[in-house]
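In what follows, a structure is listed as structure tokens, so that the remarks can point back to it.
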Amino acid sequence: MLPLRILFASPEVEPFVKAGGLGDMVGALPKELAALGHDVRIICPLYGSVKRVGEWRERAEPLGVEVGPETLWAKVWETTLPGTTVPVYFIEHEWLFGRKEVYSSWPDNAHRFAFFSRAALTVCEQLDWLPEVIHAHDWTVGLLPVMLNTTLRDRPIARAATVFTIHNLEYQGYAPKSIIDFARLPLSEFRADSIESHGQVNMMKAGLYHSTKITTVSPTYAQEIRTPAGGFGLDQVLRYRGGDLLGIVNGIDVGTWNPATDPALPANYSAADMAGKAICKKALQGKLGLAVDANIPLFGVISRFAGQKGLDLLAAALPRVLGVMRVQFAILGSGEAELENAYRAIAAQHPGRVGAHIGFDAGLARLIQAGADVFVMPSRTEPCGLTQMYSMRYGTPPLVRATGGLVDTVENYVESAGTGTGFVFKDATANALYDTIGWACATYYDRREDFAGLQQRGMAQNFAWKVSAEQYVNVYRWAISARERAGT
Ligand code: ADP
Ligand code: GLC
């Protein structure tokens, strides 16, 4: 089969910049596509916080981006995804992207990302490299397919098919109507079956209507978002486009997420020799001020503090848990101030038993994956979730709510059969979570062999990107032939 030219247009790419799992996905899938022989390239904005990993080269030619009343001029930097030859282009525009935050809630977010969408297409034209398919990620690049379908229709770049991946339907990118002028889109697109929602422009909806094909990051989430309960107001669109929508579960980068080689850990270990895991636990207890004790179950959390993640349920369950169970908690996260304060307070009330680090810390995240005994993820909704897969790979059985990608990646433990990879509960209530923490705790104390079995089965799972990468290639080909048939 002929190799494909694929452009990833994305607001995040690991290891340069990441706010969540989207960055991990965009930093990992292209490696696998390149290994399959495809010409894949990535484009991302140059925020003030981007880490300049590896060698960077500034392209000589300035980039003129046609937005608003005049052309905005940008610089293009070129580097490669570490360990590969996959080109990564960063668009520098101090005024729009010089700040550190990727998203935040800047009032000009729509302008920033409309500019980025147009810039991504302009870079391809400037490089004289025309992708056959553009893989766009979430609302920030939702206007990109609209540009291709409307004002750029007559340019060669418009032959590109688009695959739009929903990483999280909850964030849709509402923008004032004036964004239409800035993005230089026809006003005729401001209608409910295109880019309009509630009198504004909805960038996610724009992507859903205008992309050739749509994917989301797990099969269960692909079903949930078609229903009024899980569709965040866009279920109708997703049912309408249901024949073009597919759920493909994310993989993980098994090269960088490997307890046997992870340089962030004080000791490495593998399924065959778990001794290093105890050293990681000790280091984690020391780092977060927990009592150093090898025989107390240590529950870990690594999360954005957002309603979606169900950490209010954990905050509500914790006083009872700590009242009756001999357990420890290691919590890493940041986000909603209310949750940050709640976890600070719980940690202060339970010194030696609950350690909370409020912030974003990639090294500590790895130490928690390795040093904890159970990984807690009580999500109300979870499109895919990567941390539960990392935890299984690190021999830390996850405790999850049955939603979205957690259903597709964690198999509930069945005591009588000795099967499963984690502890799963259904109701999004503090009580159900409390009971399940109790179940995990009892398994740890009373059925050590069963607990070890859970660890081993988790570590034996194959979450490598390869299988899903092949599915994406099929979607790209499907999109390309659909675009050709449509004659655009
Ligand atoms: P989401 O993208 O919804 O946040 P995922 O599970 O897909 O959830 O991915 C989260 C990613 O972000 C993981 O790589 C996780 O380790 C990382 N992460 C989340 N919060 C933190 C934090 N406070 N510090 C370091 N890494 C974090
Ligand atoms: C989003 C989702 C998360 C998913 C990630 C990568 O941030 O919240 O569930 O794993 O994207 O696709």
Side-chain angles (χ1 to χ4, degrees), residues 8 10-15 17-29 49 102-103 135-140 164-172 204 215-222 224-225 230 232 247-254 256-257 262 264 287-288 300-311 330-336 339-340 343 355-370 372 375-394 396 398 400-401 403-410 463 465 468 472:
F8 273 58
S10 171
E12 305 175 33
V13 50
E14 173 74 349
V17 54
K18 123 168 167 186
L22 190 158
D24 296 57
M25 192 268 210
V26 174
L29 172 58
S49 56
V102 175
Y103 309 104
H135 190 166
H137 297 267
D138 259 358
W139 67 269
T140 57
F164 186 82
T165 293
I166 304 166
H167 290 265
N168 198 333
L169 199 61
E170 209 173 326
Y171 305 99
Q172 298 184 0
M204 176 70 90
T215 70
T216 188
V217 289
S218 70
T220 297
Y221 195 63
E224 289 170 355
I225 57 180
F232 296 97
I248 302 177
V249 72
N250 283 333
I252 61 171
D253 188 332
V254 290
T256 57
W257 289 93
D262 191 336
K287 184 154 185 153
L288 288 185
V301 173
I302 305 160
S303 187
R304 287 185 293 113
F305 286 173
Q308 164 207 350
K309 298 291 181 182
L311 290 173
I331 294 161
L332 168 63
S334 62
E336 288 172 12
L339 282 171
E340 291 188 352
Y343 283 108
H357 181 92
I358 307 301
F360 199 93
D361 184 330
L364 181 56
R366 286 168 181 273
L367 185 60
I368 292 177
Q369 292 288 8
F375 184 77
V376 184
M377 201 167 176
S379 306
R380 292 173 188 280
T381 62
E382 195 60 74
C384 179
L386 299 176
T387 45
Q388 80 284 6
M389 289 191 265
Y390 298 148
S391 83
M392 283 183 264
R393 185 150 168 83
Y394 281 55
T396 308
V400 303
R401 196 178 90 75
T403 181
L406 301 177
V407 173
D408 299 326
T409 56
V410 182
F463 293 124
W465 258 110
S468 297
Y472 272 106

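Not measured: the values here are computed from a predicted model. Just follow the structure's listing: the first ligand is 1, and inside any ligand the first atom is 1.
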Self-check item: ligand 1 contact by Cys384, heavy-atom criterion under 4.0 angstrom
Solution: no
Quiz prompt | Per-atom contacts, ligand 1 versus Lys18 - under 4.0 Å to a heavy atom | solution = 12 (O), 13 (C), 14 (O), 17 (C)
Self-check item: Protein residue, atom and distance nearest to atom 3 (C) of ligand 2, heavy-atom basis
Solution: Glu382 OE2, 3.4 Å
Quiz prompt | Structural part of Met377 in contact with ligand 2, heavy atom criterion under 4.0 angstrom | solution = neither
Exercise. Look at ligand 1 and say whether Ala306 reaches it with a heavy atom at a distance under 4.0 Å.
Key: no
Quiz prompt | Atoms in ligand 1 flagged as close to Thr387, the criterion being non-hydrogen separation under 4.0 Å | solution = 6 (O), 13 (C), 15 (C), 16 (O)
Self-check item: Exam field: side chain Asp408 to backbone Thr220, donor-acceptor pair closer than 3.5 Å
Solution: yes
Self-check item: Main-chain N/O of Gln369 paired with Thr396 side-chain donor or acceptor, under 3.5 Å
Solution: yes
Quiz item: Based purely on interatomic distance, does Ile302 place a nitrogen or oxygen under 3.5 Å from a nitrogen or oxygen of ligand 1?
Solution: no
Exercise. For ligand 1, find out whether one of its N or O atoms is nearer than 3.5 Å to an N or O atom of Tyr390.
Key: no
Practice problem: Determine whether the aromatic ring centres of His135 and Tyr472 lie less than 6.0 Å apart. | Solution: yes
Quiz item: When only distance counts, is Val217 in polar contact with ligand 2, meaning an N/O pair under 3.5 Å?
Solution: no
Self-check item: N/O donor-acceptor pair under 3.5 Å between Asp138 side chain and Thr140 backbone
Solution: no
Quiz prompt | Non-hydrogen side-chain atoms of Lys309 and Ser303 separated by less than 4.5 Å | solution = yes
Quiz item: Can you check whether Trp257's main-chain N or O pairs, donor with acceptor, with Arg393's side chain at less than 3.5 Å?
Solution: yes
Quiz prompt | Atom indices of ligand 1 within 4.0 angstrom of Gly333 heavy atoms, with elements | solution = 23 (N)
Quiz item: Is a donor on one side and an acceptor on the other found under 3.5 Å between the side chain of Ser218 and the backbone of Gly405?
Solution: yes
Quiz prompt | Atom indices of ligand 2, in the order listed, that fall short of 4.0 Å to a heavy atom of Asn250 | solution = 6 (C), 10 (O), 12 (O)
Quiz item: Is Arg401 paired with Glu382 through a side-chain N to carboxylate O contact shorter than 4.0 Å?
Solution: no
Self-check item: Beyond-backbone contact of Ile358 with Phe305, side-chain heavy atoms, under 4.5 angstrom
Solution: yes
Self-check item: Proximity flag Lys309 to ligand 1, non-hydrogen atoms under 4.0 Å
Solution: yes
Quiz item: Are the side chain of Thr216 and the backbone N or O of Ile166 linked by a donor-acceptor pair below 3.5 Å?
Solution: yes
Quiz item: Would you say ligand 1 has an N or O under 3.5 Å from any N or O of Arg304?
Solution: yes
Self-check item: Any Met25 heavy atom less than 4.0 Å from ligand 1
Solution: no
Quiz prompt | Lys309, any N or O under 3.5 Å of ligand 2 N or O | solution = no
Quiz prompt | Numbering as shown, the atoms of ligand 2 that approach Gln308 to under 4.0 Å (heavy-atom distance) | solution = 8 (O)
Self-check item: Atoms in ligand 1 with a heavy atom of Gly385 nearer than 4.0 Å
Solution: 6 (O), 7 (O)
Exercise. Nearest heavy atom to atom 24 (N) of ligand 1 wins, so pick from Leu364, Asp361, Val301.
Key: Asp361
Quiz item: Heavy atom under 4.0 Å from ligand 2: found in Asn168's side chain, backbone, both, or neither?
Solution: side chain
Practice problem: May I ask you to check if ligand 2 and Gly21 share an N or O to N or O distance below 3.5 Å? | Solution: no
Practice problem: Any atoms of ligand 2 less than 4.0 Å from a non-hydrogen atom of Gly385? List them with their elements. | Solution: 3 (C), 4 (C), 9 (O), 10 (O)
Quiz item: Would you say the side-chain atoms of Glu336 pair up with the backbone N or O of Gly307, donor to acceptor, closer than 3.5 Å?
Solution: yes
Quiz item: Mind checking whether Asp24 has an N or O less than 3.5 Å away from an N or O of ligand 1?
Solution: yes
Quiz item: Given Met389, His167, Glu170, which one has a non-hydrogen atom that is nearest to atom 1 (C) of ligand 2?
Solution: His167
Quiz item: Any N or O of Gly21 that comes nearer than 3.5 Å to an N or O of ligand 1?
Solution: yes
Quiz prompt | Proximal atoms of ligand 1 relative to Ser303 (non-hydrogen, under 4.0 Å) | solution = 20 (N)
Self-check item: Per-atom contacts of ligand 2 with Arg304, taking only distances under 4.0 Å to non-hydrogen atoms
Solution: 8 (O)
Quiz item: Counting both backbone and side chain atoms, is some N or O of Gly359 under 3.5 Å from an N or O of ligand 1?
Solution: yes
Quiz prompt | Glu14 side chain vs Gly23 backbone, donor-acceptor pair below 3.5 Å | solution = no
Quiz item: Can you say whether the rings of Tyr103 and Trp139 are parallel (under 30°), tilted (30 to 60°) or perpendicular (over 60°)?
Solution: tilted
Quiz item: Would you say the side chain of Val26 lies within less than 4.5 Å of the side chain of Glu12, judging by non-hydrogen atoms?
Solution: no
Quiz prompt | His357 backbone acceptor or donor facing Tyr343 side chain under 3.5 Å | solution = no
Quiz item: Any idea which part of Met25 is under 4.0 Å from ligand 2, heavy-atom wise: side chain, backbone, both or neither?
Solution: neither
